[in-house]
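One structure is given below, encoded as structure tokens.
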Amino acid sequence: MVHWGHPMFLGYFGWTTTAPAILGEIITAPLNVNAMTWRTCPAATELETLVVDWIRQWMHLPQEFGGVVYDTASVGVMHALAVAREEAAPSVRKHGLVGAGAPVFRIYASEQAHSSAEKAAIALGLGEENVQRIPTDTHFRMNLGAMREMIARDVRDNFKPLAVIATVGTTSTASVDPVPEIASICRENKLWLHIDGAYGAGFAILPEKKSLTDGWSEADSIVVNPHKSLFVPLDFSVLYVRDLERLRRVFTLVPEYLRGDTVEAQKNYMDYGIQLGRRFRALKAWVIFRSFGREGMAARLREFVRLANVLAGWIKGDDLFELVAPVSMGVVCFRYIGSDPAFAGSRPSVSARPAVAPYLTGRPNESDLDALNSEIVERINASGRAYLTQTKLHGRTVMRIGLGNVLTTEKHLGEAWEMIQETAKQL
Ligand SMILES: Cc1ncc(COP(=O)(O)O)c(C=O)c1O
């Protein structure tokens, strides 16, 4: 068993279980209702509508956005792109892509965006290769000039640009794409704008992070995973669509045997996606939100950001490591750079280094360092004492720590950091 709940589990985005969350799951399990239509469980439907609207307000989304709870963000983006596809080629739902004479669509996302973009394209028959990956800048944000060029080239080549996925809180570094600028490119080119806020959108509940929401009101859809950053245990993801009716139009389909249980005037969540049977996920979310309150959740998220910055400070103070991405949420990416004389002479002293290392400068032994960074992660994880992950940034392997467990204290983090330093010394 990998103990995700252990305070030294520092992988991915951390662990979202808390005592109220466990109680929420316990009271949900024996009810075991199916929230497919309003009539089959009015409470589940009403509570889902309520908690989804709370989250909408916390994210400063206008009232015209309506949401639906799915299991994951991957499923959310697939549904969002299905609506985009239907609006761009209106009879695909009925006749299929070929029958509708649909063009070859293109979707744009940064090279740091999540692989769920390709999964959605696979599932929707749009083709994995039609997800165009756009380069990022030194802070891992989408390069807008490159995207403009790609769109123009695709139009010249007879592709049909369909949608842009902007990420707020990328998987590797929690970087944030420039959403307002992306929104205006989408407006100019009549593209669907989907915001992947699976991790980062939850941070919008912090008043000091409100600027994260800039441009969101112009989106067509946005996904947020309370199971990543709002303390709801797996699984609980919300897809918001500007005018939820757009989603319903694509997916509503009532089989005869459900007619008796379908009150047309009420919300039947089975109409908002491919799933018919649905768990009562809203109950655990409601329990958690009522227990912590918005400010309680904000305080905990703020602590994750504080811990991430503490760790970043330790990294910056150690000559053998560099911080490789800015810290804005609960994620820290760093790289062991060793004391190899091959580049020691050219390395600036700790005090003279920039806050975030421009580490992709082609030092002679970068690929050796890649292997060493992987090795550190492997050894620590194999020890069973802590767990972290590795990722690739602009082609280089780096270590990554995610803070998202209410049990992780500065002391735990300090122990993990010591383990990393000790492990590096043994290489
Ligand atoms: C930015 C981002 N988007 C989407 C996903 C996919 O999330 P899910 O597991 O809910 O499908 C992840 C997963 O880590 C992610 O980091």
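Remember, it's 1-based here, ligands and their atoms both numbered in the order they're listed. These numbers were taken from a predicted model, which means no experiment stands behind them.
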Looking only at protein heavy atoms, which one is nearest to [atom], and what is the separation?
| atom | value |
| --- | --- |
| atom 11 (O) of ligand 1 | Ser74 OG, 2.5 Å |
| atom 9 (O) of ligand 1 | Lys228 NZ, 3.8 Å |
| atom 6 (C) of ligand 1 | His114 CE1, 3.3 Å |
| atom 3 (N) of ligand 1 | Asp196 OD2, 2.6 Å |

Mark yes or no: [X] above the aromatic ring of [Y], with NZ or CZ under 6.0 Å from the six-membered ring centre and no more than 45 degrees from the axis.
| X | Y | value |
| --- | --- | --- |
| Arg106 | Phe159 | yes |
| Arg300 | Phe292 | yes |
| Arg396 | Phe334 | no |

Counting only nitrogen or oxygen atoms and a 3.5 angstrom limit, does [X] reach ligand 1?
| X | value |
| --- | --- |
| Thr171 | yes |
| Val75 | no |
| Asp71 | no |

Electrostatic pair [X]:[Y] at N-O distance under 4.0 angstrom:
| X | Y | value |
| --- | --- | --- |
| Arg306 | Glu410 | yes |
| Glu181 | Arg148 | no |
| Glu118 | Arg133 | yes |

Mark up the atoms of ligand 1 that fall under 4.0 Å of a heavy atom belonging to [X], in ascending order.
| X | answer |
| --- | --- |
| Phe13 | 14 (O), 16 (O) |
| Asn225 | 7 (O), 8 (P), 10 (O) |
| Gly169 | 1 (C) |
| Ala198 | 2 (C), 3 (N), 4 (C) |
| His227 | 10 (O) |

Paired with Thr397, the side-chain hydrogen bond (donor to acceptor under 3.5 Å, both in side chains) test is passed by just one of Lys392, Glu375, Glu366, Gln390, namely Lys392
In Arg278, Lys267, Arg281, the residue satisfying side-chain hydrogen bond (donor to acceptor under 3.5 Å, both in side chains) with Glu48 is Arg278
Please find the pair of heavy atoms, one from Val324 and one from Arg335, that lie closest to each other, and give the distance. CG1-CB, 3.8 Å
Which part of Tyr12 is near ligand 1, with near meaning a heavy atom under 4.0 Å away: side chain, backbone, both or neither? neither
At the 4.0 Å heavy-atom cut-off, does Ser237 count as touching ligand 1? no
